[in-house]
S.K.: 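Dropping the structure in here first, questions after.
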Protein chains: 2
Amino acid sequence: MSTPPLAAARRATITDVAREAGTGKTSISRYLNGEMSVLSPELRARIEAAIERLDYQPNQMARGLKRGRNRLIGMLLADLTNPYTVEVLQGVEAACHALGLMPLICHAANEVEMERRYLQLLTTYRVEGVIVNALGVREETLRPVGEGGIPAVLVDRSVEGLVADMVGLDNRAAAELGTRHLLDNGFDDIWFVVQPFEQVSSRQLREAAFREVMNGESGKRDLGGTGGAMGKSGEGGKGGEGGARGHTLVLNLAEPAAVERALAELDRAIDAAGGPGAAVSSATEHTARGATDHAAGNTLASATHSATRNTRRIALFAANAPVALCLALHLKARYGADWQARVALLSIDDPEWAELTGVTTIRQPTYEIGYRAVEFLHERIEGVQTTARDCLLPGELIVRASTLR
Amino acid sequence: MSTPPLAAARRATITDVAREAGTGKTSISRYLNGEMSVLSPELRARIEAAIERLDYQPNQMARGLKRGRNRLIGMLLADLTNPYTVEVLQGVEAACHALGLMPLICHAANEVEMERRYLQLLTTYRVEGVIVNALGVREETLRPVGEGGIPAVLVDRSVEGLVADMVGLDNRAAAELGTRHLLDNGFDDIWFVVQPFEQVSSRQLREAAFREVMNGESGKRDLGGTGGAMGKSGEGGKGGEGGARGHTLVLNLAEPAAVERALAELDRAIDAAGGPGAAVSSATEHTARGATDHAAGNTLASATHSATRNTRRIALFAANAPVALCLALHLKARYGADWQARVALLSIDDPEWAELTGVTTIRQPTYEIGYRAVEFLHERIEGVQTTARDCLLPGELIVRASTLR
DNA sequence: CTGTTAGCGCCTTCAG
DNA sequence: CTGAAGGCGCTAACAG
């Protein structure tokens, strides 16, 4: 249409527009707020023209200052590196867009100190609410939030001592779904691999559900509470009808040394279980590889592959994508490109490489999680007072080659 | 330390603090701005106490309104789905943190309309500057930005008609690096696969550099300008010493039908080239796969693998990660898990699945790109007036199995 | 050293 | 229907 004047050094203010339109600031304000019915068509036209001419854009900061609400919400992210986070973010973006909110995105990068600092900053900007994907530690740093403080909704994980709306995956159901799938496909030695879970509710729930299913499967042996009492690797159930065994392995991705140790334990189990290609040198370096590497050791192995198996079938159940990636990388380095013939992998989360590598996953409704979170928050901002709500969304099992016989 | 009072329904203002401390607002303001030298230790202590008692936090909005700067910068992202974007974002976050800036992150999700809308919104919030990873189309929607408008720095791609600082990969060098690597490893039939590049400078540069190298390699045949004149798939050079052939294949990821067509063309070329496993049924469905799938057809192929090759060696050079993923998925579906024995893949960008699948990549210094972008912007905000600068950072070749013989 | 006085850009009574 | 006046929370001259 009409070419706007070259962006002024100083942006036009409501006063400028008023002068330009030959009227008072009040009318301009009314126009901006859509109170058209109270403006004569004539005045309205003049205002319209003036705004156009000056390329005027109301200052949100000033409006916010005056009315006490600035349409800003904070989005506190524990880890942008996790694909899950990015996906949730998209749902958040979309919902904000739809509701006229503007998200201030903050990335704590797994550091409590950052989380604290950002929360402070958000407060300072007077955001009307926050969506928190907490680091999961103590509620201490999250004090300014929630009841009494600024409206908040938690994503993926709840924080003890903080009552607020929560939206995330139905962890129990998802873990059960995955475990059952593995069991149904004949795996009788399942390792649930998870990051330290004492502090993170979602991990806790997943692990607990896994153990429960395994216990049921192995003839109802007891195992005590749900706490993180069992250290690095706890035995799930043994014996029982199918004799299915369940283990929990903690993989602290933040600690290379710990990762190494945990993986070593896993390796031992895998080697012990035997299985196809068991004879292959475990030292298959993937740096100085020969041209035959791809099919190395598999030529023979594949022959017995579909035959009756008399060894235990090991499966790894990764609690989330980062864990799955770590496992996959390790297995590939250790057993070569054909590692999947050796051990099955199933993961909660559905990273982009899952399809490529044929790994079975349980996809979280990430987009919807983000979307719902914003909706909840919006309601709170609008004054809804109901008690804290939980919104548990179901995961979807996506079966791929990795867990099929 | 001392337990802050339960967050007040209404946050304390500077006036409250002044009253509480028994002094004027000015002193409080001075305290907030660190003008300690002008405050008596006694007053200072009282202020400190009052602030603590009231859990006072200055209102950024109000400060911004007054001083005309709010420390907010906009970050306009074309596509959060691209890992590249997320990585750059981390650099941005870090730099903002260091410089006391607060980034408002906006995701255009590849829609021009969104981009326009967000830019508008950012303007409305009076951000002091913007970092733009433009969609790359016309400069039209980016008019309010750059010279005369609000300070801006471009990331990854420049926009015609918009003079502003730019920071991104040294595309020419990167494409050359990749092409040379393939050539050096004996590939004599190279397909550069890229998304529509007329509008996106970085893609253009990569493609052009690729063609140049290939031309040089094939005996300096001409090829005309750098424009996108050659439609869907242009022939690079043919003949020449090694007889290396170069092709450019456009993959419009936004158009499933176009993708299908382009991939079909690629398939034909691959099939024609023969190579290991050429006899394998190209209809290898990966859904209903048998247990032998993994090594299918490779048992024999690997025997001739390292032997003298009398067929052309095809390599795919993906211009970025999304393209590489698309290619990999397709190839895997078509040639099975062992697709890499059939065709080599090299990609600019280093997605997390590259290591897992052993794909050679050229890693962009994403973190640094983001960091530098903020630094540039900060300088501009502080008033630096030099002519538009370009910061081209080098890519790093990460050799993996995919491109080795 | 400290307080008083004006606004920043906008919205909101409250009178015309 | 329209405009003038006052104030949101804070800073920036000016006076003491």
Side-chain angles (χ1 to χ4, degrees), chain A residues 8-48 50-51 54-72 121-128, chain B residues 8-48 50-51 54-72 121-128:
Chain A
R10 189 184 68 82
R11 300 226 54 120
T13 79
I14 202 175
T15 310
D16 298 328
V17 180
R19 194 184 326 108
E20 180 78 13
T23 178
K25 305 195 292 180
T26 313
S27 296
I28 310 298
S29 177
R30 291 201 174 107
Y31 177 88
L32 294 179
N33 292 297
E35 299 171 36
M36 300 310 188
S37 54
V38 221
L39 292 176
S40 68
E42 196 270 332
L43 213 203
R44 188 165 142 189
R46 263 159 51 213
I47 294 180
E48 214 144 48
I51 287 182
L54 267 39
D55 187 27
Y56 170 71
Q57 298 192 252
N59 183 328
Q60 278 303 324
M61 296 309 178
R63 310 183 95 171
L65 183 56
K66 187 63 197 170
R67 5 164 81 146
R69 18 188 341 190
N70 53 171
R71 319 276 52 206
L72 251 30
L121 209 51
L122 289 174
T123 290
T124 258
Y125 276 104
R126 296 295 189 270
V127 293
E128 299 184 37
Chain B
R10 189 184 68 83
R11 300 224 55 117
T13 79
I14 201 175
T15 309
D16 299 327
V17 180
R19 192 183 329 106
E20 179 80 14
T23 176
K25 303 195 295 180
T26 313
S27 295
I28 311 298
S29 177
R30 291 201 174 105
Y31 176 88
L32 294 179
N33 292 296
E35 299 171 36
M36 301 309 190
S37 56
V38 225
L39 292 176
S40 68
E42 196 270 331
L43 213 204
R44 189 164 141 188
R46 263 159 51 213
I47 294 180
E48 215 143 46
I51 287 182
L54 267 40
D55 186 27
Y56 169 70
Q57 296 192 252
N59 183 328
Q60 277 304 323
M61 296 309 178
R63 311 182 92 168
L65 183 57
K66 185 65 195 169
R67 10 164 72 146
R69 16 187 346 190
N70 53 22
R71 318 277 49 208
L72 249 31
L121 209 53
L122 289 175
T123 292
T124 257
Y125 277 105
R126 296 295 188 272
V127 294
E128 299 184 38

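Order of the sequence lines fixes the chain letters, A, B, ..., with proteins taken first and strands second; residue numbering starts at 1 for each chain. Values below: every heavy atom of this structure, side chains too, minus hydrogens, waters and symmetry copies.
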S.K.: In Å, rounded to the nearest 0.5 Å, how long is the span from CZ of R30(B) to CG of L43(B)?
M.R.: 10.0 Å
S.K.: Please identify each residue that fulfils side-chain hydrogen bond (donor to acceptor under 3.5 Å, both in side chains) with Q60(A), with sequence neighbours left out.
M.R.: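 Listed in chain order: nothing, the list is empty.
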S.K.: Between atom OH of Y125(B) and atom CG of N70(B), what is the distance when rounded to the nearest 0.5 Å?
M.R.: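 These two atoms lie 11.0 Å from each other.
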S.K.: Would you mind telling me which residue lines up with the more 5' stretch of DNA chain C, S27(B) or T15(A), judged by nearest nucleotide?
M.R.: S27(B)
S.K.: What parts of residues 34-48 of chain B reach DNA chain D, counting only heavy atoms under 4.0 Å away?
M.R.: none
S.K.: Could you tell me whether R44(B) atom CZ has more than 12 heavy atoms of other residues or ligands within 6.0 Å of it?
M.R.: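 Check fails, neighbour count at 12 or below.
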S.K.: Could you tell me the separation between the CD atom of Q57(A) and the OG1 atom of T123(B), rounded to the nearest 0.5 Å?
M.R.: 5.0 Å
S.K.: Dot-bracket, 5' to 3', for DNA chain D please: Watson-Crick or G-U pairs under 3.5 Å, [ ] where pairs cross earlier ones, | where the partner sits on another strand, dots elsewhere.
M.R.: |||||||||||.||||
S.K.: Looking for any heavy atom pair under 4.0 Å, which part of the strands does Y56(B) touch: base, sugar-phosphate only, or nothing?
M.R.: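 The residue Y56(B) makes sugar-phosphate contact but no base contact.
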S.K.: Under the salt bridge (charged side-chain N to carboxylate O under 4.0 Å, His left out) rule, collect the residues that match up with R69(A), sequence neighbours excluded.
M.R.: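 Only E128(A), E382(A) meet the salt bridge (charged side-chain N to carboxylate O under 4.0 Å, His left out) criterion with R69(A).
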S.K.: With sequence neighbours excluded, what pairs up with K25(A) under the side chain to side chain contact (heavy atoms under 4.5 Å, CB included) test?
M.R.: I14(A), T15(A), A18(A)
S.K.: Which two nucleotides bound the region of DNA chain C that has atoms under 4.0 Å from heavy atoms of chain B, read 5' to 3'?
M.R.: dC1(C) to dG9(C)
S.K.: Who are the side chain to side chain contact (heavy atoms under 4.5 Å, CB included) partners of E48(B), not counting sequence neighbours?
M.R.: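 Counting only residues at least two positions away or on another chain, E48(B) forms a side chain to side chain contact (heavy atoms under 4.5 Å, CB included) with Y31(B).
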S.K.: Could you work out, with salt bridge (charged side-chain N to carboxylate O under 4.0 Å, His left out) as the rule, every residue matching R46(A), not counting sequence neighbours?
M.R.: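 Result, salt bridge (charged side-chain N to carboxylate O under 4.0 Å, His left out) vs R46(A): E42(A).
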S.K.: Not counting sequence neighbours, which residues clear side chain to side chain contact (heavy atoms under 4.5 Å, CB included) with L65(B)? List them please.
M.R.: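 With sequence neighbours excluded, L65(B) shows a side chain to side chain contact (heavy atoms under 4.5 Å, CB included) to N59(A), A62(A), L65(A), given in chain and number order.
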S.K.: Any donor-acceptor pair under 3.5 Å linking the side chain of D16(A) with the backbone of Y56(A)?
M.R.: no
S.K.: Could I get the full list of side-chain hydrogen bond (donor to acceptor under 3.5 Å, both in side chains) partners for R63(A), not counting sequence neighbours?
M.R.: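 Once residues adjacent in sequence are excluded, the partners of R63(A) under the side-chain hydrogen bond (donor to acceptor under 3.5 Å, both in side chains) criterion are N33(A).
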S.K.: Can you give the first and last nucleotides of DNA chain D, 5' to 3', that have an atom under 4.0 Å from a heavy atom of chain B?
M.R.: dG9(D) to dC14(D)
S.K.: Select from T13(A) and K25(B) the residue whose nearest nucleotide in DNA chain C is closer to the 5' end of that strand.
M.R.: K25(B)
S.K.: Evaluate side chain to side chain contact (heavy atoms under 4.5 Å, CB included) for R11(A) paired with D55(A), printing each intermediate quantity in order.
M.R.: CA-CA 8 Å; R11(A) 300 226 54 120; D55(A) 187 27; 3.4 Å; yes
